[in-house]
Protein chains: 2
Amino acid sequence: MADALRTSRPTAAEVAYQRLRTMILDNHLPPGAQWLEAELALELGLSRTPVREAMLRLQQDGLVSVTPRHGMRVAAISPADMRDIYDVLESLEPKAAELLARRNLPEADLAPLLSACDAMETAIARQDRAAWAQADEGFHRGLAELCGNRRLAAMVMQVWDQSHRARMFTLNMRPLPERSTAEHRATLDAIRAGDAESAREMYRRHRQRGGAELIALIERSGLAWL
Amino acid sequence: MADALRTSRPTAAEVAYQRLRTMILDNHLPPGAQWLEAELALELGLSRTPVREAMLRLQQDGLVSVTPRHGMRVAAISPADMRDIYDVLESLEPKAAELLARRNLPEADLAPLLSACDAMETAIARQDRAAWAQADEGFHRGLAELCGNRRLAAMVMQVWDQSHRARMFTLNMRPLPERSTAEHRATLDAIRAGDAESAREMYRRHRQRGGAELIALIERSGLAWL
DNA sequence: GTGTGCGTCAACGCATGCATTGATGCGTGC
DNA sequence: GCACGCATCAATGCATGCGTTGACGCACAC
């Protein structure tokens, strides 16, 4: 099934969606940038139809806003947006940790989280913020995907994507996230021990602290939009 | 702005989306039903293009699944889905109550919640389950919309819609939700008092109990799919 | 100089045509 | 009798044409 989907050639609309999404997340289309259907179609070598479909999907993802006659505009993230996003994550991710701990999965299935934790620790030792951020993303993605609740996972990944640019932007403004790394490890240990309550609470505090720090940082830096 | 949007004639795609969505929620398109693009286009008196757009939106909403060459199939909800949905609601809605309590909105802005509570109590007195369900929906919608976090609100409404049919279906199988009504009122009082902690915890317990009851009911009734 | 009204045209929403694809059923070979 | 393969065709994904709409600029009146 998954294989069938993977082997069948992706549609033009899917290609347009993935390419535009990647360009937005990587900040190749900066926030505020506006693109008309016809421009993007020309750029991507497609007709307007699949591009239009991709634009609508990106709008549902909250990455762009589409206004008739003005095309799609890459959404900027304000400090208020970040607060909203972190309130959502603070609600959903601890639940994911709790659910995952309850599942008592075999150790092997937790490999993505284990290697993400290892990678974070290595990155800290090397003071490599970019690698740390990548491992951090791996941990959160793994947690969402492994928790067994697809709806919850999709929601987490949606707001995670929305805040991707902001996280990348503030990456080098923060002290080395040593404490965050330790909190991830502790959460993982609680999950491995099957201690749902403790996993949830540990993760909730992690999220709360991390979110507050990031928002304070953004506000202090005077960045109104990212 | 909102007026401008409301007065401008809705697009054909929007009409198709709203009509299909309503038909699905009202169970006029039962779960499992399959429709091809061309069939729906004929039915709705539109061309395939706007119908296709509506189908894709409904898929993102989790109300249907679209398979090439098989059209869209109205999604059925399993007990496992209900569990997932209630785990999401149990995470998000208490946060909404907390956020709303923190906002300290003027009493007038809470009118939707007040009237929903009143309507629930009236419905209980009259043993009118349909009216109760409508008031319940009004309360949850009001809570989501008033909490000030649009992302959270959209997520709550999305899973709420997904579980709409299941709730309607079990409505007459449950005892009169007197306790639930009282819990709504108590949560509202905590919100009015600006007591965020208490609003969150009260609502969390309400969700937890209500969800567990509903799922137990569905499982006991042997309904595998709704 | 400023505000208003109108014309123009670009962008879009929708309809439709066409090529592609994969599901279905039949025939053939084992 | 069963399985495999091929032909057929329905459904779709995409391209494109067309009519509509509203944004923008210009002219004119005040």
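Each chain gets a letter, A, B and so on, in the order its sequence line appears, and its residues count up from 1. Note: hydrogens, waters and symmetry copies are ignored here, and every other heavy atom, side chains too, is used.
- Under the side chain to side chain donor-acceptor pair (under 3.5 Å) criterion, Arg207(A) pairs with Glu93(A), His140(A), not counting sequence neighbours.
- Checked against side chain to side chain donor-acceptor pair (under 3.5 Å), Gln59(A) has no partners two or more places apart in sequence or in another chain.
- Scanning for side-chain contact (heavy atoms from CB on, under 4.5 Å) contacts around Thr187(A) gives Ala97(A), Ile191(A), Met202(A), Tyr203(A), with sequence neighbours left out.
- The span of DNA chain D lying next to chain B, judged by atoms under 4.0 Å from heavy atoms, is bounded 5' to 3' by dA10(D) to dT21(D).
- For the residue pair Gln162(B)/Arg151(A), the side-chain donor-acceptor check at 3.5 Å is satisfied.
- Of the residues in residues 54-65 of chain B, none has a non-hydrogen atom less than 4.0 angstrom from any atom of DNA chain C.
- Applying the salt bridge (charged side-chain N to carboxylate O under 4.0 Å, His left out) test to residues at least two apart or on different chains, the pairs with a partner in residues 16-29 of chain A are Arg21(A)-Asp161(A).
- Evaluation of the salt bridge (charged side-chain N to carboxylate O under 4.0 Å, His left out) test over residues 215-226 of chain A, restricted to residues two or more places apart or in two chains, returns Arg83(A)-Glu219(A).
- Both Ala13(A) and His70(A) lie near DNA chain D, and the one whose nearest nucleotide falls closer to the 5' end is Ala13(A).
- Atom CD of Glu39(A) and atom P of dA10(C) are 13 Å apart (whole Å).
- Every pair passing side-chain hydrogen bond (donor to acceptor under 3.5 Å, both in side chains) that includes a residue from residues 67-80 of chain A is listed here, sequence neighbours excluded: Ser78(A)-Asp81(A).
- Among the heavy atoms of the strands lying under 4.0 Å from Thr49(B) is at least one base atom, whether or not backbone atoms are also near.
- One can place CD of Glu53(A) at 16 Å from C1' of dC12(C), the figure rounded to the nearest angstrom.
- In this structure, the CE atom of Met72(A) is 15 Å from the P atom of dA11(C), given to the nearest Å.
- The distance between atom CZ of Arg69(A) and atom C1' of dC14(C), rounded to the nearest whole Å, is 13 Å.
- Scored by the side-chain contact (heavy atoms from CB on, under 4.5 Å) test, Ala116(B) finds Phe139(B) as partners (sequence neighbours excluded).
- Among the nucleotides dT16(C), dC12(C), dG22(C), the one closest to the side chain of Arg48(B) is dT16(C).
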